[in-house]
There are 2 protein chains.
Amino acid sequence: MLFDSLLEALKKLVRVDIQDFEIFSKDLQHVQLKKNEIWEQEDKISHFMGFVKSGLLRQYSNKDGVEFTTNFFMENDFAGNYVSYETQTPSTTITAALEPSELFVIPFSVLQAYHRSIPSTKEAADLIGKTKLLQVHERNSSLLMNTPEERYYQLVKEKPALLNRVPQYLIAQYLGIRPETLSRIRKRHKN
Amino acid sequence: MLFDSLLEALKKLVRVDIQDFEIFSKDLQHVQLKKNEIWEQEDKISHFMGFVKSGLLRQYSNKDGVEFTTNFFMENDFAGNYVSYETQTPSTTITAALEPSELFVIPFSVLQAYHRSIPSTKEAADLIGKTKLLQVHERNSSLLMNTPEERYYQLVKEKPALLNRVPQYLIAQYLGIRPETLSRIRKRHKN
DNA sequence: TGTATTCATTGACTTTGGTCAATAAAAACG
DNA sequence: CGTTTTTATTGACCAAAGTCAATGAATACA
């Protein structure tokens, strides 16, 4: 019941043995975040892999007092700064809740121990990593090759649900433009 | 002799057993590219990991007839579209030689076979993957958070050697700006 | 080495997005 | 429910980058 959504998400990646999953799930920590509460701070190496049971999170950086949103994590997304963990470099981003959120969280070190005893955990982790890798590449291409307007409509197409839940100025941050500009882009395509 | 530069590059990543390396190096293919010759085409899944012995390559995409340079590979760089291979999705980029170049190349499948017999090959491959991952993240941040001018001077700082070898209009492509704009950025900081 | 080609620079102008400020709309909350 | 706070929109203006075209410099190569 509690872990149903995680189980479903994993089933989409690998064949899951229920016994294994029950053992595994005992090591999951349950994190509850209030709105605006920070899950992971910057400047330290990330130690956790998370799964969003409910809610919505935002990953962002600060540059000279200006915030840039680098990612959103919604329910059923795998969240976490795996770049920081994988490369053992301090995170340059903050991850905080935009809505009250519930996460299941596992220390990377514990997860890696499971990689030996339950190989499908490694398979799944690798697949998640590959998906993230593909995403970050696509974001690169998009930032390099597309106009802000194109990026916006790509987002509308790919994550329509986000737009109703995230303030526009954060969408603008994610797209790399000012809120006023996003407002005008939207206006152009009304009527 | 022939593989010296590769051996050195690997030694920076892992402890290399010379016997192992000699066996391994027998499986390397030697690729010679003339200027402007294409190494890897787009629209197919990439099968090779490469090491640049000498020369300079450029990875780029085409969008509506406009080219965007996504990466440069110079001597002692590991090259190849590992995203395409890892995710088994067709490459969206072309990799071609900017200068006459020599590569050592190994099929990913052969490399993976070595991962069993010579564990350090896997260690090295993983480290290379992590480095690339970090690079692509840094590029994301840079495209999102920095101005074209900042990106240019960051490049000047990080890869000064590139600037003398790559036509400016390709640097501009890489930065996501027009050649005229790059020319003007450079002009601002003269005198 | 001379000619052709490619590349870089510059100017004039346009377009796009940023800035600032005012106002309106929406959301949060006691 | 009404008040405060946050968010979105709009206008006027500015700055940065793009476009187009001309010229000059560098490079390739026959």
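Distance CZ (B:Arg165) to P (C:dC7): 17 Å, rounded to an integer number of Å. Rounded to an integer number of Å, the gap from B:Gln173 CD to D:dG18 C1' is 15 Å. Across the protein-nucleic acid pair, B:Arg151 atom CZ and D:dA17 atom C1' stand 11 Å apart, rounded to whole Å. Look at CZ on A:Arg178: it is 14 Å from P on C:dG17, rounded to the nearest Å. The CG-P distance, from B:Leu175 to D:dA16, rounds to 17 Å in whole Å. Going from atom NZ of B:Lys34 over to atom P of D:dA28 covers 17 Å, rounded to whole Å. Between the C1' atom of D:dA17 and the CD atom of B:Glu150 lies a distance of 15 Å, rounded to the nearest Å. Separating the OH atom of A:Tyr169 from the C1' atom of C:dG18 is a distance of 19 Å, rounded to the nearest angstrom.
Between A:Thr147 and A:Glu180, the one whose closest nucleotide on DNA chain C sits nearer the 5' end is A:Thr147. Residue order along DNA chain C, read from the 5' end via each residue's closest nucleotide, puts B:Pro167 first among B:Pro167 and B:Arg184.
Taking side-chain N and O atoms only, B:Gln168 has no distance below 4.0 Å to OP1 or OP2 of D:dA26. Between A:Thr181 and the phosphate of C:dG18, there is a side-chain N or O to OP1/OP2 separation shorter than 4.0 Å.
When only modelled atom types and interatomic distance are considered, A:Glu40 and A:Asn81 share no side-chain donor-acceptor pair under 3.5 Å. When only modelled atom types and interatomic distance are considered, B:Ser142 and B:Arg151 share no side-chain donor-acceptor pair under 3.5 Å. With no hydrogens or angles considered, a side-chain donor-acceptor pair links B:Tyr152 and B:Arg186 at under 3.5 Å. Judged by distance alone, the side chains of B:Lys63 and A:Asn146 do bring a donor and an acceptor atom under 3.5 Å apart. Residues B:Tyr174 and B:Asn71 have side chains that never bring a donor and an acceptor to within less than 3.5 angstrom of each other. Side-chain polar atoms of A:Gln112 and A:Tyr85 form a donor-acceptor pair below 3.5 angstrom.
Applying the salt bridge (charged side-chain N to carboxylate O under 4.0 Å, His left out) test to every pair with at least one member in residues 115-140 of chain A, sequence neighbours left out, gives these pairs: A:Lys122-A:Asp126, A:Lys130-B:Glu86.
Closest to the side chain of A:Ser183, out of D:dT10, C:dT10, D:dG18, is D:dT10.
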Using a 4.0 Å heavy-atom cut-off to protein, can you give one letter per nucleotide of nucleotides 22-30 of chain C, 5' to 3': B if the base is in contact, S if only the sugar-phosphate is, - if neither? ------S--

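Using a 4.0 Å heavy-atom distance criterion, A:Pro179 is classed as making no nucleic acid contact.
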